[in-house]
Amino acid sequence: MSGVAAGGSRTLPSSARAPGKCILFGEHAVVHGAPELLFAVDLRTQVVVRAAAETTLNADPRASESNPYFRAALEALWASGPPVEVRSVSRLPRAAGLGSSAAFLAALATALLPEGAAGRPAELAQRCFSLERQAQGVGSPGDTSASVAGGYLTVNSPRGAALWTIEGDSRRWEVRRLEDPGWVWIVAYSGVPRSTADAVRAFARRLENADGPKLLDRFASVAHRGIDALARGDREGVAREMEENQALLREVGVSHPRLEALLEAVAPAAEGAKLTGAGCGGSIVVLPRSGRETEAMRRLARAGAVPFPVRASTTGAEAVGPE
Ligand code: MEV
């Protein structure tokens with residue numbers, strides 16, 4: 001990887017933060033080259049890195065063995081650096097489909113890389129994607145790009161202003177910035193954790209069936225229509241394509257009975273809703289009916305979810321003064 005120096009030359013202590021993400025269209029299919037629309041959520045992970053006698057993550061000295069994201073980042077970005085104590089605090093629930101690992105990687109990379117790396121976001125996005133791929137084994141650069149860039153992004157779509165191209169696994173993904181429509185969304189965590197890698201592999205197996213290419217085309221068409229609708233500020237169009245996307249995700253088996261129950265519970269107060277992220281548990285995202293946001297939150301809480309209103313984060317990964 002050119003351009004971003006590795007190896008522990010950062011002055012410590014150092015601190016950085018990065019947002020998680022919410023996918024509106026195209027999860028799973030984006031891994032196979034179809035379009036995706038997502039935005040960075042205004043919920044962040046913040047890390048503080050200090051020199052220490054031994055390397056720990058939140059006081060755990062074994063984290064570099066048990067946490068593949070932490071291990072991958074240390075090996076790639078801090079190979080010749082001294083032991084460090086890393087503290088990570090996040091408002092993102094883990095394994096919930098909201099990009100907690102991408103946010104952690106983007107914040108940690110920003111804190112570990114030499115000062116100024118956040119000023120070269122294309123390199124940082126490529127670096128974070130490679131780390132996530134290494135730790136997870138599968139995936140697309142959507143999550144890590146959102147954590148690095150902030151705002152609304154498209155992947156593999158002609159819509160939006162070109163940001164960067166990410167390479168890996170014999171593929172290239174075009175990432176673009178779309179204007180923020182300023183909408184408030186509700187994300188609701190089902191409380192059912194899931195493994196992104198397992199869900200991504202299950203989806204890939206499903207695409208091996210004879211109808212795989214046609215299925216991928218259907219995902220792509222929905223995402224293109226959804227992206228066009230969001231770009232023209234058409235809430236009804238976005239809501240319609242969210243329902244279509246959910247029908248496809250259900251058909252390929254990455255929904256979950258808990259997610260379906262939440263979608264049913266929120267329906268009267270929602271313009272549109274679908275699962276977000278890898279599915280098989282995790283979270284749903286809701287476009288609430290105007291004026292019925294509180295009702296949507298109440299319906300989801302009553303159905304047993306943890307709902308929170310989110311907007312797009314205007315900022316991506318950034319260094320912050322250590323506390
Ligand atoms: C996970 O947040 C989104 C997936 O599409 C995987 C990926 O794009 O890396 C399921």
Side-chain angles (χ1 to χ4, degrees), residues 18-41 43 45 68-69 72 90 92-106 125-149 152-157 166-175 185 187 189-190 192-207 215-216 219-220 222-223 226-227 242 245-246 248-256 259 274-285 310:
K21 64 84 184 62
C22 175
I23 300 175
L24 295 174
F25 299 107
E27 50 270 274
H28 287 291
V30 66
V31 176
H32 307 273
E36 178 183 49
L37 172 64
L38 75 170
F39 63 96
V41 292
L43 301 171
T45 294
Y69 300 94
S90 186
L92 293 156
R94 287 180 60 193
L98 300 176
S100 61
S101 12
F104 173 68
L105 280 174
Q126 175 72 59
R127 176 74 81 160
C128 290
F129 167 61
S130 303
L131 291 174
E132 192 180 58
R133 272 303 286 246
Q134 188 184 328
Q136 207 167 261
V138 290
S140 82
D143 294 16
T144 39
S145 282
S147 290
V148 169
Y152 277 76
L153 301 183
T154 64
V155 184
N156 303 330
S157 159
I166 304 288
E167 298 187 14
D169 197 28
S170 353
R171 257 186 209 292
R172 288 162 67 86
W173 287 270
E174 296 279 335
V175 181
W185 305 86
V187 165
Y189 177 43
S190 65
V192 180
R194 84 296 163 265
S195 151
T196 298
D198 289 351
V200 169
R201 290 197 178 98
F203 186 92
R205 279 196 300 276
R206 176 65 184 81
L207 285 190
L215 194 54
L216 196 57
F219 273 97
V222 167
I227 291 168
M242 288 173 80
N245 201 160
Q246 177 61 23
L248 283 172
L249 291 162
R250 189 181 293 129
E251 185 180 327
V252 298
V254 296
S255 192
H256 184 281
L259 299 181
K274 62 181 274 293
L275 71 80
T276 183
C280 301
S283 302
I284 65 166
V285 55
V310 292

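For ligands, and for the atoms within them, numbers begin at 1 and follow the listed sequence. Only this structure's heavy atoms are used, side chains among them; waters, hydrogens and symmetry mates stay out.
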Inset, instruction - Would you mind running through ligand 1 and noting each atom that sits below 4.0 Å from a heavy atom of E27? - result: 5 (O)
Legend entry - Side chain, backbone, both or neither: the part of V30 lying under 4.0 Å from ligand 1 by heavy atom: side chain
Legend entry - Identity of the nearest option to atom 1 (C) of ligand 1, non-hydrogen atoms only, from D143, T144, T276, V155: D143
Legend entry - Heteroatom distance test (T196, ligand 1): nitrogen or oxygen, under 3.5 angstrom: no
Inset, instruction - Measure up the Y152 and F39 rings against each other and bin them: parallel (under 30°), tilted (30 to 60°), perpendicular (over 60°). - result: parallel
Legend entry - From CZ (F104) to CD (E132), nearest 0.5 Å: 12.0 Å
Inset, instruction - May I ask you to list the atoms of ligand 1 that are less than 4.0 angstrom from any heavy atom of I23? - result: 2 (O), 3 (C)
Legend entry - Nearest protein heavy atom with distance in Å, relative to atom 8 (O) of ligand 1: S140 OG, 2.7 Å
Inset, instruction - May I ask whether K21 places a heavy atom under 4.0 Å from ligand 1? - result: yes
Inset, instruction - Measure the shortest side-chain to side-chain distance between L215 and R206 over non-hydrogen atoms and say whether it is less than 4.5 angstrom. - result: yes
Legend entry - Spacing of E36 atom CD and T154 atom OG1 [to the nearest 0.5 Å]: 9.5 Å
Inset, instruction - Number the atoms of ligand 1 from 1 as they appear, then name those within less than 4.0 Å of a heavy atom of V31, with their elements. - result: 6 (C), 7 (C), 8 (O)
Inset, instruction - Write out the residue and atom name of the closest protein heavy atom to atom 5 (O) of ligand 1, then the distance separating them to 0.1 Å. - result: H28 N, 2.8 Å
Inset, instruction - Answer yes or no: is there a donor N or O on one side and an acceptor on the other, between the side chain of S283 and the main chain of V187, under 3.5 Å? - result: no
Legend entry - Residue and atom name of the nearest protein heavy atom (relative to atom 6 (C) of ligand 1), distance in Å to one decimal: V200 CG2, 3.7 Å
Inset, instruction - For N245 and F219, indicate whether the former's side chain and the latter's backbone hold a donor-acceptor pair under 3.5 Å. - result: no
Inset, instruction - Return yes if some donor-acceptor pair links the side-chain N/O of K274 with the main-chain N/O of L24 below 3.5 Å, else return no. - result: yes
Legend entry - E132 contact mode with ligand 1 (heavy-atom cut-off under 4.0 Å): neither
Inset, instruction - Run the ring-centre check on F203 versus H32 and record whether the distance is less than 6.0 Å. - result: yes
